[in-house]
Amino acid sequence: MIESLLVANRGEIARRIIRTAKRLGVRAIAVYSEADADLPFVAEADEAVCVGPANPAQSYRNVEAILDAARSTGAQAVHPGYGFLSENAGFARTVESSGLVWVGPGADAIAAMGDKINARNLMAAAGVPVAPGTTEPAADLAAAVAAAAEIGYPVMVKAAAGGGGMGMGVATDETALRTEYDKVRSFAERMFGDGSVLIERYFPRVRHVEVQILGLADGRVVALGERECSVQRRNQKLVEESPSPAVGPELRERFLAAAVRAGEAVGYRNAGTVECLFDPGTNEFFFLEMNTRLQVEHPVTELVYGLDLVEEQLRVASGLAPTFDPDALTPRGHAIELRVNAEDPKRFLPGPGVISVWTEPVGEGVRVDAGYAAGNTVTPFYDSLMAKLIVSGADRAEAIERAKVAVAGFEIAGPKCNLPFFAELLEHPEFLSGDYDTRIVTHLR
């Protein structure tokens with residue numbers, strides 16, 4: 001097993017990785033920005049190094065500062081968490097060329113899946129269903145218009161290098177396409193340094209279902225069930241659950257088999273997620289993207305399968321066998337994750353501030369992965385996620401009832417918070433029935 005691990009991230013995910021590392025006897029090293037000096041993950045690490053000011057480009061995305069921290073502390077490995085540099089193939093290569101162990105998929109797999117058009121083409125060649133769309137970037141507006149005419153409106157205009165729900169727009173006709181194309185291309189150039197745009201079929205009523213995969217040290221790829229991620233605002237997730245209430249045994253088998261083929265197509269190692277769009281009207285699903293990292297919502301998979309995915313990541317990176325039998329994976333019960341953000345519960349606008357009260361709920365089947373505590377400040381420099389409230393039960397009904405109690409028992413004062421939204425969602429007939437899609441948040445507003 002790896003003996004020392006530098007966590008190149010912050011907040012709840014850094015704290016969560018550190019917790020597993022310390023349980024396994026692995027020395028846990030944190031890096032932090034000046035703005036995060038008082039956060040729990042810094043205090044809980046065995047060692048912590050300040051890597052720069054609040055601006056992520058000068059701290060959490062500062063490759064040289066992170067590598068200097070690894071060298072100065074004698075770190076053996078680097079875990080990137082999610083966000084920041086986690087899906088940066090160049091960073092992965094630099095870590096490995098520096099003689100460190102990279103806790104994640106290989107740089108080639110990251111690069112292959114980072115370009116959405118390349119990823120679509122690879123998946124199609126591997127027999128993974130893909131939605132109708134372009135097989136190369138729309139070089140200009142005329143090419144985009146021609147592609148949309150062939151695919152049929154409405155279409156999704158997407159940044160080829162995008163991810164995390166960013167860099168996307170919907171066009172219902174040519175006039176809208178002209179506007180969205182320029183908007184998405186400009187955003188992509190600014191945010192990703194790559195203005196390439198692809199055009200895909202847009203499905204007005206669709207569910208977002210993803211499969212957790214794990215590429216093992218012996219070369220096998222296994223699927224650890226699916227997650228339902230259709231409760232979203234601005235194409236970004238708020239709630240995830242496993243298993244999906246929309247997926248039955250036969251469909252699940254097809255989902256998991258397609259995800260394994262996707263991982264095998266790029267020689268995948270370590271944890272990753274194959275995200276799909278599912279059309280409940282036709283029972284068809286289509287590859288959306290592969291996230292080449294640990295997902296925010298990984299705890300629901302952990303609770304349903306009884307695993308610690310960070311431990312499994314460390315074992316793969318160490319060349320060790322998993323803690324479980326890949327041929328005898330058995331999910332049990334149901335789990336739901338609620339992303340507790342510092343944001344207005346109505347308009348979902350960020351609301352940073354000093355936390356004056358922080359009381360976490362407790363009870364059977366309740367888990368809180370928190371990045372903050374009372375007295376900490378949620379700053380405007382980073383993502384608004386403060387904590388993840390994860391609940392589990394013998395079935396979906398029990399998980400929902402426990403979630404209601406846990407939400408009511410979670411007290412946060414100071415910054416704005418979206419807990420009132422979850423209280424509303426958990427009573428909404430559409431969510432309770434399990435028959436919902438990505439439009440559910442707009443139905444509550």
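All values below come from the heavy atoms of this structure, side chains included, with hydrogens, waters and symmetry mates left out.
With 3.5 Å as the limit, one finds no donor-acceptor pair spanning the side chains of Gln76 and Ser4. No side-chain N or O of Arg234 forms a donor-acceptor pair with one of Gln232 less than 3.5 Å apart. Side-chain contact of Gln313 with His79: a donor-acceptor pair under 3.5 Å is present, judged by distance alone. No side-chain donor-acceptor contact under 3.5 Å links Ser242 and Glu228. Side-chain atoms of Arg185 and Ser196 include no donor-acceptor pair closer than 3.5 Å. A side-chain N or O of Thr20 and one of Asp308 form a donor-acceptor pair less than 3.5 Å apart.
Proximity of a side-chain donor or acceptor of Glu226 to a complementary backbone N or O of Val211 within less than 3.5 Å is not detected. In this structure, Asn291 contributes its side chain and Arg293 its backbone to no donor-acceptor pair below 3.5 Å. The backbone N or O of Ala246 lies less than 3.5 Å from a partner atom in the side chain of Ser244, making a donor-acceptor pair. Judged purely by atom type and a 3.5 angstrom limit, Asn118 uses its side chain to pair as donor or acceptor with the backbone of Ala112. No donor-acceptor pair under 3.5 Å is formed between the side chain of Arg201 and the backbone N or O of Met156. At distances below 3.5 Å, not a single donor-acceptor pair connects side-chain atoms of Asn418 with backbone N or O atoms of Phe421. In terms of modelled atom types and a separation under 3.5 Å, the side chain of Lys237 and the main chain of Glu297 share no donor-acceptor contact. Tyr436 places no side-chain N or O within 3.5 Å of a backbone atom of Arg439 that could act as its donor or acceptor partner. Looking at Ser33, its side chain never comes within 3.5 Å of a backbone N or O of Ser59 through a donor-acceptor pair. Under a 3.5 Å cut-off, the side chain of Ser186 and the backbone N or O of Asp182 do not form any donor-acceptor pair.
For Tyr305 and Phe324, the ring centers are positioned 6.0 Å apart or more.
Closest approach of Leu85 and Trp102 over heavy atoms only: O-CH2, 4.1 Å. The two residues Val221 and Gly263 make their nearest non-hydrogen contact at CG2-C, 4.0 Å. The two residues Val42 and Asp36 come nearest to each other via the heavy atoms CG2-O, 3.5 Å. The shortest heavy-atom contact between Leu385 and Tyr82 is CD2-OH, 3.4 Å. Residues Pro352 and Thr379 approach most closely at CB-C, 4.0 Å, considering heavy atoms.
A cation-pi arrangement is present between Arg396 and Phe431, with the terminal nitrogen or guanidinium carbon under 6.0 Å from the aromatic centre and inside a 45° cone about the axis.
Leu314 is listed as a side-chain neighbour of Leu24, based on a closest heavy-atom distance under 4.5 Å.
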> Could you walk me through whether Arg16 and His298 pass the side-chain hydrogen bond (donor to acceptor under 3.5 Å, both in side chains) check?
Replying inline: CA-CA 11 Å; Arg16 186 261 171 279; His298 74 273; 2.9 Å; yes

> Stepwise, does the side-chain hydrogen bond (donor to acceptor under 3.5 Å, both in side chains) test hold for Glu312 with Thr323?
Replying inline: CA-CA 7 Å; Glu312 303 304 334; Thr323 62; 2.3 Å; yes

> Arg207 and Thr438: side-chain contact (heavy atoms from CB on, under 4.5 Å), yes or no, with the steps?
Replying inline: CA-CA 6 Å; Arg207 299 180 75 132; Thr438 55; 5.7 Å; no

>> Under the criterion side-chain hydrogen bond (donor to acceptor under 3.5 Å, both in side chains), I'd like the reasoning laid out for Gln212 against Thr301: C-alpha separation, chi angles, the key distance, then a yes or no.
In response: CA-CA 8 Å; Gln212 174 71 58; Thr301 298; 4.7 Å; no

>> The test is side-chain contact (heavy atoms from CB on, under 4.5 Å); show your working for Asp108 and Arg93 and say whether it passes.
In response: CA-CA 9 Å; Asp108 289 345; Arg93 288 194 180 96; 2.9 Å; yes

> Given Asp437 and Ser230, is the side-chain hydrogen bond (donor to acceptor under 3.5 Å, both in side chains) satisfied, shown in steps?
Replying inline: CA-CA 6 Å; Asp437 57 44; Ser230 296; over 6 Å; no

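The residues Asp344 and Lys346 are annotated as not salt-bridged, no charged nitrogen and carboxylate oxygen being separated by less than 4.0 angstrom. A salt bridge links Glu401 to Lys404: one of the charged nitrogens lies within less than 4.0 Å of a carboxylate oxygen. A salt bridge links Arg233 to Glu343: one of the charged nitrogens lies within less than 4.0 Å of a carboxylate oxygen.
Summarising the local packing, CZ of Arg23 is surrounded by more than 12 heavy atoms from other residues, nucleotides or ligands at distances under 6.0 Å. Glu136 CD: 12 or fewer foreign heavy atoms inside a 6.0 Å radius. Other residues, nucleotides and ligands place more than 12 heavy atoms under 6.0 Å from the CD atom of Gln58.
Checking each of Glu200, Glu180, Glu289 against Lys158 for a salt bridge (charged side-chain N to carboxylate O under 4.0 Å, His left out) leaves exactly one that passes, namely Glu200. Checking Arg339, Arg227, Lys388 one by one against Glu240, the salt bridge (charged side-chain N to carboxylate O under 4.0 Å, His left out) holds for a single residue, Arg339.
Under the 30°/60° scheme for interplanar angles, the aromatic rings of Tyr382 and Tyr60 are found to stand perpendicular.
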Which pairs would a plain distance check flag for residues 361-376, meaning a side-chain donor or acceptor within less than 3.5 Å of a matching protein atom at least two apart in sequence or in another chain?
| unit_1 | atom_1 | unit_2 | atom_2 | d |
| --- | --- | --- | --- | --- |
| Arg367 | NE | Asp369 | OD1 | 3.0 |
| Arg367 | NH1 | Glu302 | OE1 | 3.0 |
| Arg367 | NH2 | Glu302 | OE1 | 3.0 |
| Arg367 | NH2 | Asp369 | OD2 | 3.0 |
| Tyr372 | OH | Arg10 | NH2 | 3.0 |
| Asn376 | OD1 | Ala373 | N | 2.8 |
| Asn376 | ND2 | Asp38 | O | 3.1 |

